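One structure is given below, encoded as C-alpha cells.
The sequence lines fix the lettering, A, B, ..., with proteins before strands; numbering per chain opens at 1. Quantities reported herein were computed from a predicted structural model and do not represent experimental measurements.
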Amino acid sequence: MSHALPIDLRLPLDRALTALLARRGAALGVPEELCAAQYSNKGSQFQCNGALAAARALKRAPRQLAEEWAASLSAEERALFSTLEVAGPGFINLSLSDEVLAARSALALADERLCVPRVASPERVYIDFGGYNVAKQLHIGHLRSTIIGDTLQRVLRFVGDEVVSDVHLGDWGTQMGMLIEAVREERPGLPYFEDAAPAGGFPAESPLSLADMNRLYPAASGRAKEDEAFRARASLATAELQRGHVGYRALWRHFVALSVAEVRHDIAPFGVEFDLWCGESDAQPLIPELVARLQAEGRAELSEGAWIVPIADERGEPMVPLMLLKRDGGATYHTSDLATVVMRVREGADRALYVVDARQEMHFRQVFAAAAQTSLGARARGGVLALEHVKFGTINGADGRPFKTRSGDTVKLRDVVEMAVEAARARLEEGGLLADADEETRASVAQAVAVAAIKFGDLSNHRASDYVLNLSDFCSFEGKTGPYLLYAAVRVKSILSKAAERGLAAGPVVLRGEHDRALALALSRLPGVVAQVHAKKTPHLLCEYLFELSQDWSAFYQHCNIVREEDEAQRAGWLSLAALCLKTLTTGLGLLGVEVPERM
RNA sequence: GCGCUUGUAGCUCAGUGGAUAGAGCAGUGGCCUUCUAAGCCAUUGGUCGCAGGUUCGACCCCUGCCAGGCGCGCCA
C-alpha cells in the first residue's frame with residue numbers, strides 16, 4: 001500500500017470514510033451532515049445510514065439511493081473494502097480490506113500520538129478539582145473529584161489544550177473559626193489570641209500537630225451543632241479572621257500548612273498533580289471590587305438587609321437569587337466563586353471546569369448565571385469565559401445511601417486505598433503469583449493493582465450518576481476491572497520481552513483471521529473515543545473502550561500464539577500488532593492515571 | 001410547591017434517532033504437557049417504569065402520569 005490511497009489513513013477511520021462517502025454523496029444530492037460513517041457491530045466494520053435519512057428530502061426510495069451511492073465509488077475507492085453492500089432498508093455496510101487496516105496499524109505504531117489528532121482550537125482551561133477542606137480529613141467523598149479531575153486534565157493536555165489545574169482548597173469557611181475557638185479553649189495562653197503580634201513575631205513552629213488538629217476539628221464541629229454560644233464565638237472568630245486579625249491569620253496559616261501536607265500524603269498513591277494550590281482565600285481580595293462593580297452596574301440589590309443578585313435561567317424565568325453579601329456584611333460561597341470567575345478571567349482562561357459533586361448543581365447554575373448576566377464573565381479580548389460544572393454522583397453503599405463503614409462513619413480515603421491494597425495482596429498470594437519476587441516487588445505490584453482497581457472502578461461509572469460501591473466486587477479483580485486491564489497489558493509486555501529474548505524481530509503488520517483483524521480494528525478506535533471524552537468530559541467511555549480492547553487482545557492472545565508462530569512474516573506482523581496494542585493500552589490507561597507494572 | 005436527576009437482564013451498569021437493545025457479575029457447559037487460566041469459548045436470562053405523541057424508524061426527542069434520589073437566600 002505504498003501508493004496514495006483515496007482516503008487519509010491518518011484520520012480517525014470513521015472520519016476518513018465519512019469524507020469519502022460525502023464526496024460521492026454530494027453528487028447524489030445527499031447533504032454532507034448525513035454522510036457519517038460509524039463503527040458498527042452489525043456484522044460489518046462500519047455503516048452509513050445516510051440514505052435512509054436523505055431519501056425523504058430527495059424523494060427517493062432509500063434502498064435504491066443507497067445502492068446508487070455505493071455503486072458510485074470509483075474502482076480505486078472500492079478496492080479499499082473487503083465488503084461494501086447495502087442491507088435492509090438502505091444501510092450501507094463497509095468493511096476495510098486487511099491491507100488497509102494493516103496500513104493504518106503501521107501508521108499508528110509509527111506515530112507518537114497513535115494518530116490521535118490535536119484539537120483544532122486549543123483552549124486555556126482551568127480545572128478546579130479535589131475540593132479538599134482545611135482541617136477536614138480526606139474521605140471517600142473526595143475520591144471522585146480527585147480522579148475524574150485528574151483524568152480530565154490528562155485528556156485535555158493530550159489533545160492539546162493548555163490546562164491549569166487548581167486544588168481550590170476550602171480554607172475560608174466557618175470551620176476555620178471553629179478550629180480557632182477550639183484551640184483557644186485548650187491553649188488560651190498562646191499568643192495568637194492577642195490583638196497584636198508579640199514583639200518577636202509569632203513562632204514559626206506550629207503550635208499544634210496534625211494529630212491535634214484532626215482531634216480538635218471533629219470535636220468542635222460536633223459541638224457547634226448543639227452549642228449555640230460556641231457557634232456564635234466561632235462565627236465571630238471567622239469574621240475576625242476574614243477581617244485580618246493578625247494572630248488568627250498566623251494560626252490559620254499553620255492550619256493550612258498542616259492540611260496541605262496531609263492532603264499531599266493522602267493523594268500520593270493516586271499520582272495526582274495540581275499546578276496551583278490556591279484556596280478560596282486567594283479569591284477574597286477580589287471581592288470588595290467585585291461587589292462595588294455589581295452595585296455600580298445596578299446588578300446587586302438590597303433585600304432584607306442583604307445584597308443579592310437577581311438572576312434568570314435560560315428561558316428567562318427568575319431563579320433563586322444569588323446571595324452576594326449577608327446581612328452581617330460577610331461574603332458567601334457564591335461571592336467567593338464569583339471572585340474565582342473574575343480571577344480566571346484575569347488569568348486569561350477560555351474555560352473553567354468545576355469537578356464538583358452533583359448536589360452543588362444549583363449553586364453553580366446560580367454562579368454561572370450571575371457571571372453570564374453581569375459583566376463578570378466577560379474576557380478582555382472579547383467573548384465570555386465558558387463555565388462548566390463537571391458534576392459527579394454519590395458513591396453509595398449496598399443500602400443505596402452514601403457509603404459508610406459498618407458503624408456508620410465516613411470512610412477515610414487512605415482506608416479505601418488500604419483495603420484495596422490488602423485485597424490485591426491477598427489475591428496475589430492466593431494465586432501464588434510473584435512467588436519468586438522479593439517483598440518490595442510484591443508490595444509495589446499490590447499497590448499498582450489496588451490503585452488501578454480503584455481508579456478504573458470509579459471512572460468506569462458514568463460520572464453524573466450515583467453508583468453502588470460493592471467492596472467484594474471491587475476486590476474480586478474479575479471482569480470489567482482495572483486489574484483485568486493491567487493483566488492484559490502485562491501479558492503483552494511479557495510476550496514482547498520473550499520475543500526480544502529469542503531475537504524475534506517485528507515486521508510489517510499482516511492480518512490473517514478474525515482475531516487479529518478484530519484487534520486491529522479495535523486499535524483504530526482510540527482517536528474517536530478520546531475526542532468524545534474530551535468533548536463530553538466522560539471518562540467512562542475511555543474505560544469501556546479499553547476494556548473492549550483488552551477483550552479483543554485476550555481473544556487474539558488465546559487463539560494466536562505469537563512466539564510459537566512458524567510463519568516468520570506472520571509472527572513479525574503480529575509482534576508489531578502486539579506492540580501497537582501495548583502502546584494503546586498504556587496510553588489509554590495513562591490518560592486514566594493508571595500505570596502498568598512490568599509483571600503481576 | 002419549585003428545580004435537577006434516575007428508572008434498561010436476578011444484581012451492578014452501558015447504550016451517538018437506525019437493523020435482532022449490550023457488558024460485567026451471578027447461573028449453566030466446555031478449554032491449562034502451548035507466549036501469565038486475574039484468561040478464553042459457548043450458553044441461559046428483557047413489557048427498556050406506565051400511557052400518549054413526533055418520525056420511514058424512538059431506550060434515545062416531546063407531553064402527561066407513577067416511583068426513587070438530590071437540591072431549594074444569609075453553612076460551605
Exercise. Considering every strand shown, what is the Watson-Crick or G-U wobble mate of B:C40 when both distances are under 3.5 Å?
Worked result: B:G30
Exercise. Does a distance-only test, which skips hydrogens and angles, find a donor-acceptor pair under 3.5 Å between the side chain of A:Gln551 and the base of B:A23?
Worked result: no
For this session: Please measure how far the P atom in B:C50 lies from the corresponding atom in B:C66, and state the result in whole Å.
Result: 15 Å
Problem set entry | Pairing partner of B:G17 (Watson-Crick or G-U wobble, both distances under 3.5 Å) | none
Seminar exercise, completed: A:Leu322 CG to B:C75 C1', in whole Å, measures 15 Å
For this session: Considering just the side-chain nitrogens and oxygens of A:Tyr484, establish if one lies under 4.0 Å of OP1 or OP2 belonging to B:G24.
Result: no
Exercise. Quick one: does A:Asn93 reach the base of B:A19 with a side-chain donor-acceptor pair under 3.5 Å?
Worked result: yes
Problem set entry | Out of B:C70, B:U36, B:C72, whichever nucleotide has its closest atom nearest the side chain of A:Val320 | B:C72
Exercise. Between B:G69, B:C41, B:A19, which one does the side chain of A:Gln47 approach most closely?
Worked result: B:A19
Exercise. If pairing requires Watson-Crick or G-U wobble contacts with both distances under 3.5 Å, which nucleotide is the partner of B:C61?
Worked result: B:G53
Problem set entry | Given B:C40, B:C75, B:A38, the nucleotide with the shortest approach to the side chain of A:Thr174 | B:C75
For this session: Can you tell me, in whole Å, how much space there is between the C1' of B:C40 and that of B:C32?
Result: 11 Å
Problem set entry | Distance under 6.0 Å and angle within 45° of ring axis: A:Arg491 vs A:Tyr557 | yes
For this session: For RNA chain B, determine which residues of residues 232-243 of chain A have any heavy atom closer than 4.0 angstrom to one of its atoms, and list them numerically.
Result: none
Exercise. Looking across every strand, which nucleic acid part, if any, lies under 4.0 Å from A:Lys391 by heavy atom: base, sugar-phosphate, or nothing?
Worked result: sugar-phosphate
Seminar exercise, completed: By the Watson-Crick or G-U definition, both distances under 3.5 Å, B:G46 is matched with none
For this session: Name the pairing partner of B:C11, where a pair is Watson-Crick or G-U wobble with both distances under 3.5 Å, or state none.
Result: B:G24
Exercise. Does OP1 or OP2 of B:G15 have a side-chain N or O of A:His540 closer than 4.0 Å?
Worked result: yes
Problem set entry | Listed nucleotide nearest any side-chain atom of A:Val468, set B:G71, B:U12, B:U36 | B:U12
Problem set entry | Rounded P spacing from B:G1 to B:C65 in Å | 11 Å
Problem set entry | Spacing of A:Asp458 atom CG relative to B:U12 atom C1', expressed in whole Å | 14 Å
For this session: Give a yes or no on this: more than 12 heavy atoms of other residues, nucleotides or ligands lie within 6.0 Å of atom CD of A:Glu85.
Result: yes
Exercise. Stepwise, does the ring-ring contact (aromatic ring centres under 6.0 Å, His included) test hold for A:Phe392 with A:Tyr467?
Worked result: CA-CA 10 Å; A:Phe392 57 84; A:Tyr467 75 90; over 10 Å; no
Exercise. Has A:Ser465 got a side-chain N or O lying under 4.0 Å from the OP1 or OP2 atom of B:A14?
Worked result: yes
Seminar exercise, completed: Between A:Gly88 and A:Arg564, whichever has its closest RNA chain B nucleotide further toward 5' is A:Gly88
For this session: Under a 3.5 Å limit for both distances, which nucleotide forms a Watson-Crick or G-U wobble pair with B:G3, could you say?
Result: B:C70
Exercise. What integer distance in Å separates A:Trp574:CH2 from B:C35:C1'?
Worked result: 12 Å
For this session: For B:G39, take OP1 and OP2 only and decide whether either is under 4.0 Å from a side-chain N or O of A:Ser554.
Result: no
For this session: Side-chain contact test, heavy atoms from C-beta onward, threshold under 4.5 Å: evaluate it for A:Asn133 versus A:Gln175 and give yes or no.
Result: yes
Problem set entry | Distance-only donor-acceptor test, A:Arg327 side-chain atoms vs B:C74 base atoms, 3.5 Å | yes
Exercise. When you check the phosphate oxygens OP1 and OP2 of B:C72, does a side-chain N or O of A:Arg359 lie under 4.0 Å from one of them?
Worked result: no
Problem set entry | Any strand: nucleotide that pairs with B:C35 via Watson-Crick or wobble, under 3.5 Å | none
Exercise. For A:Asn561, which contact category applies under a 4.0 Å heavy-atom criterion: base, sugar-phosphate, or nothing?
Worked result: base
For this session: Find out whether A:Asn461 and A:Asp466 are in side-chain contact, i.e. whether some heavy atom of one side chain is under 4.5 Å from a heavy atom of the other.
Result: no
Exercise. When you check the phosphate oxygens OP1 and OP2 of B:A23, does a side-chain N or O of A:Lys480 lie under 4.0 Å from one of them?
Worked result: no
Problem set entry | Rounded distance in Å between the C1' positions of B:U8 and B:C2 | 29 Å
Exercise. Can you tell me how far P in B:G45 sits from the matching atom in B:U28, rounded to whole Å?
Worked result: 16 Å
Exercise. Is there a donor in the side chain of A:Arg231 and an acceptor in the side chain of A:Thr174, or the other way round, less than 3.5 Å apart?
Worked result: no
Seminar exercise, completed: Ranking B:C4, B:A37, B:A76 by distance to the side chain of A:Glu361, first place goes to B:C4
Exercise. Going by 5.5 Å between centroids and 30° between planes, is there a stack of A:Phe91 over B:A19?
Worked result: yes
Problem set entry | Whichever of A:Phe547 and A:Gly400 has its nearest RNA chain B nucleotide further upstream toward 5' | A:Phe547
Problem set entry | Qualifying residue, where the test is side chain to side chain contact (heavy atoms under 4.5 Å, CB included) with A:Phe368 and the options are A:Asp337, A:Ile311, A:Leu387 | A:Leu387
For this session: Output the single nucleotide from B:C41, B:G73, B:G18 whose closest atom is nearest the side chain of A:Ala555.
Result: B:C41
Exercise. More than 12 heavy atoms of other residues, nucleotides or ligands under 6.0 Å from CD of A:Gln38: is that the case?
Worked result: yes
Problem set entry | Under-3.5 Å donor-acceptor pair between A:Tyr333 side chain and B:A76 base | yes
For this session: Would you check, one step at a time, whether the test ring-ring contact (aromatic ring centres under 6.0 Å, His included) holds for A:Phe364 with A:His389?
Result: CA-CA 7 Å; A:Phe364 284 109; A:His389 176 204; 4.6 Å; yes
Problem set entry | Residue-phosphate contact under 4.0 Å: A:Lys136 side-chain N/O, B:A76 OP1/OP2 | no
Seminar exercise, completed: Only residue of A:Leu485, A:Asp458, A:Val533, A:Leu542 satisfying side chain to side chain contact (heavy atoms under 4.5 Å, CB included) with A:Leu592 is A:Leu542
Exercise. Taking only side-chain nitrogens and oxygens of A:Arg401, does any of them come within less than 4.0 Å of OP1 or OP2 of B:C70?
Worked result: yes
